[in-house]
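Working notes for the structure below.
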Amino acid sequence: SSMKAADDAMRTGGLSSSGHSIAAVVMTVRGAGETLASNITHHLQLGFQRMYIYFDDPLEASGIEERYHQDERVVCIRNDVALQEAWKQQ
């Protein structure tokens, strides 16, 4: 799940499973529309290994999730009840 991927990234301190450092982008978005897809493509082409995208409006995540569902470099995290509850547990 996207929460598990985000949690794993936080626990490893930005290290890949092989122990090498990775470069990642973290962003919070609302109403980004098609500019978000071009932003993701741009950063991946620059060489960033991960994109963690927090969606303030959970409904906006579905288009990006569908577009990048097979690309493990793009992690979509919905700001929904489950995320808010997980944050309370920490």
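By convention here, the first residue in the shown sequence is residue 1. Worth saying up front: this structure is predicted, and the values here are computed from it rather than measured.
Among all heavy-atom pairs drawn from R67 and A37, the shortest one is NH1-CB, 3.0 Å. In this structure, Q49 and A23 approach most closely via the heavy-atom pair OE1-N, 2.6 Å.
Looking at N39 and M51, their side chains come closer than 4.5 Å, going by heavy atoms from C-beta outward. Side-chain atoms of L44 and D71, non-hydrogen and from C-beta on, do get closer than 4.5 Å to each other. In this structure the side chain of C76 never reaches within 4.5 angstrom of the side chain of E60, judged on heavy atoms. In this structure, T41 and Y68 have side chains that are in contact, with non-hydrogen atoms separated by less than 4.5 Å.
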*Trace of the side chain to side chain contact (heavy atoms under 4.5 Å, CB included) decision for Y54 with N79*: CA-CA 7 Å; Y54 287 82; N79 185 3; over 6 Å; no

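I53 is not connected to I77 by any chain of hydrophobic side-chain contacts under 4.5 Å among Ile, Leu, Val, Met, Phe, Trp and Tyr, and they are in different clusters. Transitive grouping of hydrophobic side chains (ILVMFWY, heavy atoms separated by less than 4.5 Å) brings F48 and I40 into a common cluster. Under the 4.5 Å side-chain heavy-atom criterion for grouping Ile, Leu, Val, Met, Phe, Trp and Tyr, I22 is not connected to V74 through any hydrophobic cluster. Both W87 and Y52 are members of a single hydrophobic cluster when ILVMFWY side chains are connected at heavy-atom separations under 4.5 Å. Hydrophobic clustering, with ILVMFWY side chains joined whenever heavy atoms are under 4.5 angstrom apart, keeps M27 apart from V75.
In the displayed structure, E72 atom CD is contacted under 6.0 Å by at most 12 heavy atoms of other residues, nucleotides or ligands.
Side chain of H42 to backbone of S38: no donor-acceptor contact under 3.5 angstrom is found.
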